[in-house]
Amino acid sequence: MSAYLGMACIADELDKKILVVLRDGRNLVGTLRSFDQFANMMLDNTFERIVAGGKFCDIPLGVFLIRGENVILMGEMDAHKDLNQKVLTRVGPEEIFELQRTSPHTPNCGLPFDDLA
């Protein structure tokens, strides 16, 4: 019975906007449309959220298939909080790529934890 507990939790997220953190450090946000017994997931209206130096950019990807073994973390996004957050500043792709290139390598965790203290 405990083998199915994880699947039940993923099923609760169907047709909701979720954030998925991958093993390679990427953050993907999209609507969970389908999953299987291996936790492979199909996201719709997907974008990659890139965060660097207190700024972020969303790169549209469309429909995206994620292999379950690459998922570190997933959870539902609160759309209202995401739109009204004040911690990060939205910038264009050119600026975020330049920030990534010039900044020391830090994990793409999505939040500047030093600012939260």
Review point. Does atom CZ of Arg33 have more than 12 heavy-atom neighbours from other groups under 6.0 Å away?
Key: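 Above 12, so yes.
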Gap between atom [atom2] of [Y] and atom [atom1] of [X] - 0.5 Å precision:
| X | Y | atom1 | atom2 | answer |
| --- | --- | --- | --- | --- |
| Asp44 | Ser34 | CG | OG | 11.5 Å |
| Asn84 | Lys86 | CG | NZ | 5.5 Å |
| Arg23 | Arg67 | CZ | CZ | 9.0 Å |
| Leu28 | Ile66 | CG | CD1 | 5.0 Å |
| Ile72 | Leu22 | CD1 | CG | 7.5 Å |
| Glu13 | Met74 | CD | CE | 5.0 Å |

Check your understanding: Which heavy-atom pair separates Ala52 from Ile96 by the least distance, and what is that distance?
Key ->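 Shortest heavy-atom separation between Ala52 and Ile96 comes out as N-CD1, 3.8 Å.
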Check your understanding: How close do Pro93 and Cys57 get, heavy atom to heavy atom, and via which atoms?
Key ->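 Looking at all heavy atoms of both residues, the closest pair is N-SG, 3.5 Å.
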Check your understanding: When you look at Phe56 and Gln85, which way does the side-chain contact (heavy atoms from CB on, under 4.5 Å) test go after all the steps?
Key -> CA-CA 12 Å; Phe56 78 99; Gln85 64 84 24; 3.4 Å; yes
For [Y], is there any backbone N or O sitting under 3.5 Å from a side-chain donor or acceptor partner on [X]?
| X | Y | value |
| --- | --- | --- |
| Asn27 | Val21 | no |
| Thr31 | Lys17 | no |
| Asn40 | Asp36 | no |

Heavy-atom check, side chain of [X] versus side chain of [Y], under 4.5 Å:
| X | Y | value |
| --- | --- | --- |
| Leu65 | Met41 | no |
| Asp82 | Arg49 | yes |
| Ile10 | Leu32 | yes |
| Asp58 | Val29 | no |

Check your understanding: Are Val71 and Met42 connected in a single hydrophobic cluster, I mean Ile/Leu/Val/Met/Phe/Trp/Tyr linked by side-chain heavy atoms less than 4.5 Å apart?
Key ->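 Cluster IDs for Met42 and Val71 differ.
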Review point. Going only through I, L, V, M, F, W and Y residues with side-chain contacts under 4.5 Å, is there a path from Val63 to Ile59?
Key: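 Val63 does not cluster with Ile59.
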Check your understanding: side chain to side chain donor-acceptor pair (under 3.5 Å) with Glu94: which residues, sequence neighbours excluded?
Key ->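 Side chain to side chain donor-acceptor pair (under 3.5 Å) check on Glu94 returns nothing, list empty.
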